[in-house]
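Everything numeric here is computed off the predicted structure, so don't read it as measured data. Both counts, for ligands and for their atoms, begin at 1 and track the order of listing. In this chain, numbering begins with 1 at the start of the sequence shown.
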Amino acid sequence: MHSLTKQFIDNHWVPSRSNTRLAIIDPYHKTPLGETTRGNPADVDVAVTAARRALPGWRATPAAWRGERLSVIATGLERRRETLATLSSRNNGKPLNEALQDLDDAIDCYRYYAEAAVALDDRQGRREEVGQPGLAAYRYWEPVGVAGLVTPWNFPLVSSAWKIAPALAAGCTVVFKPTEVVPLPEQALCEIVLEAGLPPGVFNLLNGDGKGIGAPISQHPGIDKLSFTGSNPVGETVMRAAARGVRPVSLELGGKSPILVTEDADLELARDLVMAGICYNAGQMCSATSRLIVHERLADQLYAAVDAAMAALRPGDPLAEGVTLGPLVNAAQHERVSDYLAQAGTEGLYSETPSPALPESGLFVSPRLYRDVPTTSRLWREEIFGPVLCARRVTSDEEAIALANDSDYGLAATVVAGDPDRAEAIARGLEAGNVWCNSDQLAPPQGSWGGMKRSGIGRELGLEGLEAYLEVKRITRPVSA
Ligand code: NAD
């Protein structure tokens, strides 16, 4: 049994100031894996003090040296790849091969920012003209300061890598809170940062929930920058908290992403991309393509193909060979998705999806495709975060684009079309931060990730992900003779 009653501050494990414990659950066996402290604002205070103390020394190190530390973190994760993926699979419920993919994504991210840090040194002091004889400007990039980082449960070690790696590369010190629902994989980071030789206070990890740790982080005046990934209601409270002291904030929030399929699309490719977009991680993805918008000429064939693929999924123990659908992450998430399925009944939504045989154990729901769903339906408009797909048929690309954009969210989209140029033309019309044409949902570290509209503010990954932790300073001075 895992006991997360301590906080990692100043390179030491110290007892949490809270005596309240929360259970950590294995969603397949529905049994406890251990417990975590709820955390306490006093824990945040101690961690922020440590991070502030460490900041002057850390920001003064060459970025290339910080990059070397990130490479060691990547290697530390690589050495623990199977162990951590197994732990993640048990705690989150995702099939082992998906958890292994997460580990690879996290490792790639630390490696990418290890290199980006070197490039940061190279561009410091870049000379720029000012249009005045005898004067020139020099551009420098400096870390924002102490970064408060908060992540959700659906992609363990990945969401955190997208924040921790660029923050450390930039020269920020970090106060990081993993989710209390799936906190186990991230604990290994503490051992790994010690191996990497990070000075005390540079990386601090606080266990706990939103009340004990999350809100106190976002409200703490000693935090200079907030980066949050999670739900919209919480994102709004983080943004309100950031307003006090005018602190920069990055938000990665929810989605209700569309997948658009034209009449000339390859049927098998369309089916596979629809399935991956709604059943990977049991649909618990911010970028789940949960609205299928298909040309009427292909609609019936695609609906039948998706129904057959959903029925052919193999739900089961996420660690068992060949399992393609795991349970939902916890009872609250199971209740939430079940409520939407009940709502579909109330609204009289139509589905022909056969149910795969579900294991007796585990917090499973049957994947479902609802056909020709009214745009007023709650299932069409709201983020469900489960394997529930709503579909509508259209008669033109223009109608498909308008329908896709008729959403409060704008995180991602997929386009499946026979002609790649037509796919890109459709993609150009979509209000989304990432659009994949005839492709899986790739999110390589050199890319960018983030949403338009209510899906968030700012971008993670790539150089934008690094800029989020940097301030620009421009120094204008006489040119030396
Ligand atoms: P959540 O908002 O409930 O929790 C996210 C994190 O915030 C957790 O660590 C939680 O403890 C913490 N938290 C809770 N209350 C807080 C508060 N008042 N102040 C600060 N922190 C607080 O979200 P969740 O249920 O863990 O994750 C699901 C949501 O995350 C979905 O809406 C999903 O779309 C979104 N998400 C978005 C992305 C993206 O990249 N856009 C990626 C993954 C998940």
Side-chain angles (χ1 to χ4, degrees), residues 4 22 24 36-39 41 44 91-92 94 102 105 109 148-163 175-183 185-186 205-220 223 226-242 244 249-257 280-290 328-337 382-386 407-412 432-434 441 443 447-461 465 468:
L4 276 47
L22 309 169
I24 305 166
T36 170
T37 176
R38 160 170 255 197
V44 176
N91 192 178
N92 173 282
K94 61 175 67 194
D102 287 354
D105 289 348
C109 180
L149 314 177
V150 176
T151 56
W153 43 261
N154 52 346
F155 287 99
L157 288 167
V158 180
S159 310
S160 57
W162 291 11
K163 300 185 191 306
V175 177
F176 163 56
K177 183 192 108 54
T179 162
E180 70 278 19
V181 179
V182 184
E186 259 84 3
L205 180 150
L206 298 180
N207 287 305
D209 67 3
K211 190 156 184 248
I213 299 291
I217 284 182
S218 55
Q219 290 158 6
H220 201 292
I223 300 263
L226 288 162
S227 181
F228 170 82
T229 300
S231 63
N232 278 64
V234 177
E236 289 188 15
T237 67
V238 171
M239 194 167 167
R240 271 197 291 275
R244 193 191 274 155
V249 60
S250 302
L251 299 174
E252 299 290 346
L253 306 177
K256 188 72 188 177
S257 298
Y280 196 81
N281 204 11
Q284 301 166 117
M285 295 183 287
C286 50
S287 57
T289 40
S290 52
L328 299 179
V329 74
N330 63 9
Q333 186 61 16
H334 189 263
E335 193 181 319
R336 173 191 163 105
V337 178
E382 296 174 13
E383 181 177 53
I384 298 174
F385 232 55
S407 168
D408 291 337
Y409 296 106
L411 184 59
N434 253 298
Q441 294 197 4
S448 69
W449 186 269
M452 298 183 183
K453 303 199 273 188
R454 290 193 199 165
S455 289
I457 295 179
R459 293 290 180 273
E460 296 198 299
L461 296 179

Minimum non-hydrogen distance to atom 5 (C) of ligand 1, winning option of T229, N281, N434, V329: T229

May I ask you to identify the nearest protein heavy atom to atom 28 (C) of ligand 1, giving residue, atom name and distance to one decimal place in Å? F385 CE2, 3.7 Å

Looking at ligand 1, does any of its N/O atoms fall within less than 3.5 Å of an N/O of W449? yes

Work out which heavy atom in A443 is nearest to a heavy atom in L461; give both atom names and the distance. O-CD1, 3.9 Å

Could you identify the single nearest non-hydrogen protein atom to atom 25 (O) of ligand 1 and state the distance to 0.1 Å? W153 NE1, 3.1 Å

Quick test: of every protein heavy atom, which one is nearest to atom 7 (O) of ligand 1, and how far off is it to 0.1 Å? F228 CE1, 3.1 Å

Nearest-contact summary for atom 22 (C) of ligand 1 - protein heavy atom, Å: V234 CG1, 3.4 Å

What I want to know is whether G230 and ligand 1 share at least one N or O pair that is separated by under 3.5 angstrom. yes

Between the candidates S159, G433, P233, C286, which shows the shortest non-hydrogen contact distance to atom 39 (C) of ligand 1? C286

For V150, the ligand 1 atoms whose distance to one of its heavy atoms is below 4.0 Å: 6 (C), 7 (O), 9 (O), 12 (C), 21 (N)

Is the shortest distance from a heavy atom of F155 to ligand 1 less than 4.0 Å? no

Rounded to the nearest 0.5 Å, how far does CG of L226 lie from OG of S218? 6.0 Å

Would you find more than 12 non-hydrogen atoms of other residues, nucleotides or ligands less than 6.0 Å from K453 atom NZ? yes

Going by the atom numbers of ligand 1, which of them fall below 4.0 Å from some non-hydrogen atom of P152? 24 (P), 26 (O), 27 (O), 43 (C), 44 (C)

The reported gap from OG1 in T37 to CG in L4 (rounded to nearest 0.5 angstrom) is 9.0 Å

If you count the atoms of ligand 1 from 1 in the order shown, which ones are under 4.0 Å from a heavy atom of N154? 43 (C), 44 (C)

A student checking ligand 1 against G210 at a 4.0 Å heavy-atom cut-off should list atoms 11 (O), 13 (N), 14 (C), 15 (N), 16 (C), 22 (C)

State whether the shortest distance between N or O atoms of K177 and N or O atoms of ligand 1 falls below 3.5 angstrom. yes

Which heavy atom in N330 sits nearest to a heavy atom in V181, and how many Å separate them? ND2-CG1, 3.6 Å

Identify the closest protein heavy atom to atom 9 (O) of ligand 1: which residue and atom is it, and at what distance? T151 O, 2.8 Å

Kindly give the heavy-atom pair with the smallest separation between Q284 and F155, and that separation in Å. O-CE1, 4.2 Å

Nearest-contact summary for atom 34 (O) of ligand 1 - protein heavy atom, Å: E383 OE2, 2.6 Å

Heavy atom to atom 19 (N) of ligand 1, shortest distance: which of A412, A215, A443, A241 holds it? A215

Is K211 touching ligand 1 with its side chain, its backbone, both, or neither, if touching means heavy atoms under 4.0 Å apart? neither

M452 atom CE: more than 12 heavy-atom contacts under 6.0 Å: yes

Under 3.5 Å, N or O to N or O, is L253 touching ligand 1 that way? yes

Heavy-atom pair of closest approach, residues V249 and I457: O-CG2, 4.0 Å

Just to confirm my output: which protein heavy-atom neighbour is closest to atom 2 (O) of ligand 1, and how far is it? S231 OG, 2.6 Å

In ligand 1, which numbered atoms sit nearer than 4.0 Å to a non-hydrogen atom of G214? 19 (N), 20 (C), 21 (N)

Assess the side chains of S227 and K163: does a donor N or O sit below 3.5 Å from an acceptor N or O? yes

Ligand-residue contact atoms, ligand 1 with T237, heavy atoms, under 4.0 Å: 18 (N)

Could you please spell out the steps behind the side-chain contact (heavy atoms from CB on, under 4.5 Å) verdict for Y280 and Q441? CA-CA 10 Å; Y280 196 81; Q441 294 197 4; over 6 Å; no

Restricting to non-hydrogen atoms, name the atom on E460 and the atom on T229 that form the minimum distance, rounded to 0.1 Å. OE1-OG1, 4.0 Å

If you draw a 6.0 Å radius around CZ in R454, do more than 12 non-hydrogen atoms from other residues or ligands fall strictly inside? no

Closest non-hydrogen atom pair, Y409 against G254: CD2-O, 3.3 Å

